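Atoms considered below: every heavy atom in the structure, side chains included; atoms not considered: hydrogens, waters and symmetry mates. Everything quoted here is computed from the prediction, not taken from an experiment.
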Amino acid sequence: MKRIFSALANLIPLTFVACAQGPGNFMGGRGHMMGYGYGGGFMWLIILVLSGIGIYFLIRISKSKGSDSSLIETPLDILNRRYANGEINKEEFDRMKNDLES
């Protein structure tokens, strides 16, 4: 996740630097991505739309990972897992379960 954010953070300023150099200097001549004609405005529209979509999905992914309650184990879940794995015996399980429930 950090790699995606850093890649976007490095990519966005490069587009602004390229545009600030002027239409004739980007990629060695006129008419390229940020040059005159329909390409300049059209490419900026594409860049803005793709950036917005990327940011939307990054935010959506980060929120869904944080709110997933199935990943959070309760103390009783941990106790059941330890008993199932044979780490504790029946007496220890019952004693700990009673402690948790009281």
Side-chain angles (χ1 to χ4, degrees):
M1 183 60 89
K2 287 184 179 182
R3 289 182 185 179
I4 295 172
F5 281 120
S6 66
L8 284 176
N10 290 330
L11 182 65
I12 292 171
L14 290 176
T15 59
F16 290 114
V17 169
C19 188
Q21 290 179 355
N25 294 329
F26 187 72
M27 299 289 283
R30 292 183 100 124
H32 290 288
M33 286 175 60
M34 302 297 172
Y36 291 116
Y38 73 92
F42 185 67
M43 288 306 294
W44 270 111
L45 181 64
I46 290 174
I47 290 171
L48 289 176
V49 168
L50 290 178
S51 298
I53 291 171
I55 291 170
Y56 168 76
F57 281 113
L58 288 175
I59 291 172
R60 188 171 169 195
I61 288 170
S62 66
K63 283 185 180 180
S64 69
K65 285 185 178 180
S67 66
D68 191 11
S69 61
S70 66
L71 297 177
I72 300 173
E73 281 187 309
T74 64
L76 192 56
D77 293 336
I78 296 170
L79 185 62
N80 287 331
R81 183 183 38 128
R82 288 185 64 200
Y83 180 62
N85 289 337
E87 296 176 19
I88 57 175
N89 59 26
K90 175 73 172 152
E91 293 81 26
E92 289 175 319
F93 174 77
D94 290 334
R95 182 180 50 81
M96 290 180 188
K97 184 176 179 183
N98 288 336
D99 288 343
L100 289 173
E101 290 175 347
S102 62

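- The distance from the CD1 atom of Ile53 to the CG atom of Leu58 is 12.0 Å, given to the nearest 0.5 Å.
- Here Arg95 pairs with nothing under the side-chain hydrogen bond (donor to acceptor under 3.5 Å, both in side chains) rule; sequence neighbours left out.
- The minimum heavy-atom distance between Glu73 and Ile78, with the atom names listed, is OE1-CG1, 3.8 Å.
- Grouping Ile, Leu, Val, Met, Phe, Trp and Tyr by side-chain contacts under 4.5 Å, direct or through others, leaves Leu48 on its own.
- Here Glu91 pairs with Asn89 under the side-chain contact (heavy atoms from CB on, under 4.5 Å) rule; sequence neighbours left out.
- Screening residues 75-87 for side chain to side chain donor-acceptor pair (under 3.5 Å) gives Thr74-Asp77, Arg82-Glu87 as the qualifying pairs, with residues at least two apart or on separate chains.
- Counting all heavy atoms, side chain and backbone alike, Leu79 lies closest to Met96 at CD1-SD, 3.5 Å.
- By the side-chain contact (heavy atoms from CB on, under 4.5 Å) test, Leu45 is found to be paired with Val49, residues two or more places apart in sequence or in another chain being considered.
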